[in-house]
Amino acid sequence: MIWIDTIVQGVLLGGLYALFAAGLSLVFGIMRLVNLAHGDLIVMGAYLILVVVSVLGLNPFVAALVAAPVMFSIGWVLQKAVLNRTLGDDILPPLLVTFGLSVVIQNSLLEGFSADSQRISMGPLETASVAVGPVTMGLLPLLTFGSAIAVIVGLNQIFYRTAIGRAFRATSDDPVTASLMGIRPDRVFATAMGLALVVATIAALYLGTRSNFDPYVGPARLIYAFEAVIIGGLGSLWGTLAGGIIIGVAQTVGAAINPEWQILAGHVAFLIVLLVRPRGLFPRAVD
Amino acid sequence: MTLLETHGLTAHYGDFQALFGVDIRLDTGETVAIIGANGAGKTTLMRSITGVLRGAADQIRHKGTAIGHLMPDTIMKRGIVMVPEGRKLFPSLTVEENLLIGGQHKGGRDLGDRIDSFLSRFTGAPDPVALAAGHDGTGIWTLDTVYDLFPILKERRHNPGTALSGGQQQMVAIGRALMSNPAVLLCDEISLGLAPVVIRDIYAALPKIKAGGTSVIVVEQDIGQALKVADRVYCMMEGRVTLEGRPDAISRDDIHAAYFGAPA
Ligand SMILES: Nc1ncnc2c1ncn2[C@@H]1O[C@H](COP(=O)(O)OP(=O)(O)O)[C@@H](O)[C@H]1O
Ligand SMILES: [Mg+2]
């Protein structure tokens, strides 16, 4: 019975990793940009929510709603002014620039908020839980998982049911031909990055409420997100969720065997999946 | 009336010069054919007109406005639309989505254009809204009329574009371009690699396209086909126009010389 509980907790943890990873997956899927600053952008989102909560005295969920359009604008301008210039046949420039961006964000947050660790308070919700049979699930982890599903369903709806989603896919296929259809690829990419940062805001809400954070936690969180994206299959959002769940379950199972094995078990699961399916679980047909 | 003209048009790929002062003209309602051997510069000319390759503003004029420096999306929103060489359907999109995307950005009044239009007052950059003002993208072509033109596409509308035969893909590429009701349609080698009967079907659409008010430039290596459909013909060789005339006014020998650079 303890095993069921362990696995359920792992699945729920996978939801958090999938949320961290969804924005990364989205951006990579559309513009082949590996954003090394994604974790730091999530942390920045968490500080933004914290500020809104403490200045306006809002509930964290409402604060995230306030933060989301701000984050969208930051993503839009960042892509338009900086990252679009790095895109091309060479994959090195975006890596270097987003790595630099990561350092800049960390140091700006350090300057603005000090190295003290922070937490966004959810009040009683933090400890609330529901029991389903033998398994007790925290309400917050459950909400996180539900949000991950909602984000992925929402993004897929945007991708496959809207005009902007059509423009995303066409531009990802072939930006030159897309421009002949009246599309400005750099605007499409800017919109995609804005959307990715809206997703990052949702990830930030749970990052900031479920654990302490400081300006430096971004890269460590990013590792799991990367692993989730890669074993899920690059560019596949449901694959990203599956990848997140695999790593989450591996971590809780590893920790149940020996608490020191938690992190290691996640990385080992990542390597095993890659050995068996080098292109990930759900590789895209066109690549 | 002159609709579109190039004047001393040059184009480069890096250090390589592909066009050396090309002058062509398209009048309203005309069909113009551009012929020439592989590598003559026909596709480069199309890419220059549509803004994929950009150069001096003055080298290309549309309705009297210099457009040589404009981005492809702005040129498209002025009503100059290309069926690119090799069809270039979007593999991630179904047939219907390929058609829809051809019409969804016409008109040039989306938010990004408005922002750029506002910013252009301060930066002096081209104003996309003003530049697209003469063309609203409405006309006879809609999803339904494109399906009437090429009924097979309606049957296959939920297939990925790339799952179709070459001829059907070419129909999607033409339909996609028509969806914005272009004033000028540029067709780059639409018959390349297709069987004669398929080519005939595709060219059968041309009169209907013209009836919708679209002027057409076709790039063709098939000289017979070009002479049959065109009001005027240009022949290109090594980045230059070597012959211009009405199909009935030019002889086989003229064409042979213009095409290969040596008398027959
Ligand atoms: N992307 C490119 N880079 C470098 N040279 C090119 C490129 N595209 C075409 N060229 C060269 O430009 C010349 C004209 O090519 P193109 O316009 O494609 O001719 P056509 O369409 O008449 O066959 C050729 O010599 C070709 O090799
Ligand atoms: Mg060509």
Side-chain angles (χ1 to χ4, degrees), chain A residues 26 28-32 69 72-73 75-77 79-81 84 88-89 155-195 233-237 282-287, chain B residues 46-47 49-54 70-94 96-113 115-116 119 128 132 135 137 160-163 173 176-177 179-180 182 186 188:
Chain A
L26 175 78
F28 183 84
I30 294 175
M31 54 186 130
R32 297 288 178 278
F72 180 94
S73 312
W76 201 93
V77 171
Q79 184 68 38
K80 185 94 170 165
N84 274 335
D89 295 332
L155 288 178
N156 273 314
Q157 289 293 317
I158 292 175
F159 252 58
Y160 294 103
R161 296 271 177 275
T162 68
I164 182 71
R166 211 147 54 211
F168 282 161
R169 285 179 288 144
T171 310
S172 166
D173 281 348
D174 179 351
V176 172
T177 305
S179 72
L180 293 171
M181 302 298 127
I183 291 167
R184 187 76 64 94
D186 59 343
R187 285 186 202 150
V188 168
F189 292 159
T191 306
M193 185 57 87
L195 192 58
L234 294 173
S236 158
L237 288 166
F282 304 98
R284 292 212 302 197
V286 272
D287 248 323
Chain B
M46 296 298 110
R47 290 163 66 89
I49 293 173
T50 50
V52 176
L53 294 170
R54 278 180 300 286
L70 299 180
M71 301 286 280
D73 65 301
T74 306
I75 291 181
M76 180 271 182
K77 288 163 189 165
R78 284 182 69 89
I80 302 172
V81 181
M82 174 155 70
V83 180
E85 187 175 38
R87 325 194 227 285
K88 301 280 169 62
L89 301 188
F90 298 110
S92 308
L93 272 56
T94 63
E96 185 153 303
E97 288 176 323
N98 266 287
L99 295 175
L100 288 172
I101 204 156
Q104 79 182 42
H105 293 273
K106 63 191 185 187
R109 279 175 293 278
D110 57 31
L111 185 61
D113 283 331
I115 293 173
D116 279 1
L119 292 177
H135 182 80
T162 42
R176 181 177 66 177
M179 286 292 288
S180 62
L186 310 171
D188 195 353

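Chain letters run A, B, ... following the sequence lines, proteins first, then strands; residues in each count from 1.
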Enquirer: Between CE of B/M82 and CE of A/M181, what distance do you get to the nearest 0.5 Å?
Expert: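 Here the rounded value is 8.5 Å.
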Enquirer: Atom CD1 in A/I183, atom CE in B/M76: separation rounded to 0.5 Å?
Expert: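 It comes to 8.5 Å.
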Enquirer: Quick one: pull up CZ in B/R176 and CG in A/L180 and give me the separation to the nearest 0.5 Å.
Expert: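 So the gap between those two atoms works out to 8.0 Å.
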Enquirer: Check B/P84 against A/T177 and note the closest heavy-atom contact, atom names and distance.
Expert: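 Nearest pair, atom of B/P84 first, then A/T177: CG-CG2, 4.5 Å.
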Enquirer: Got a sec, which residues hit side-chain contact (heavy atoms from CB on, under 4.5 Å) with B/E85, two or more places apart in sequence or on another chain?
Expert: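 Once residues adjacent in sequence are excluded, the partners of B/E85 under the side-chain contact (heavy atoms from CB on, under 4.5 Å) criterion are B/T43, B/D188, B/E189.
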Enquirer: State the CD-OG1 distance between B/Q104 and A/T162, to the nearest 0.5 angstrom.
Expert: 8.5 Å
Enquirer: May I ask you to name which of B/I75, B/V81, B/L100 has the most heavy-atom pairs under 4.5 Å with chain A?
Expert: B/L100
Enquirer: Which residue, B/L93, B/N98, B/T94, forms the side-chain contact (heavy atoms from CB on, under 4.5 Å) with A/R166?
Expert: B/L93
Enquirer: Please round to the nearest 0.5 Å and tell me the distance separating atom CZ of A/F168 and atom OG of B/S92.
Expert: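 One gets 13.5 Å once the value is rounded to the nearest 0.5 Å.
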Enquirer: Below 4.5 Å from any heavy atom of chain B, which atoms of A/A167 appear? Answer side chain, backbone, both or neither.
Expert: both
Enquirer: Quick check: closest heavy atoms across A/Y160 and B/E97, and the distance to 0.1 Å?
Expert: O-OE2, 4.0 Å
Enquirer: What pairs meet the salt bridge (charged side-chain N to carboxylate O under 4.0 Å, His left out) rule with one or both residues in residues 176-192 of chain A, with sequence neighbours excluded?
Expert: A/K80-A/D186, A/R184-B/D73, A/R184-B/D116, A/R187-B/D110, A/R187-B/D113, A/R187-B/D116
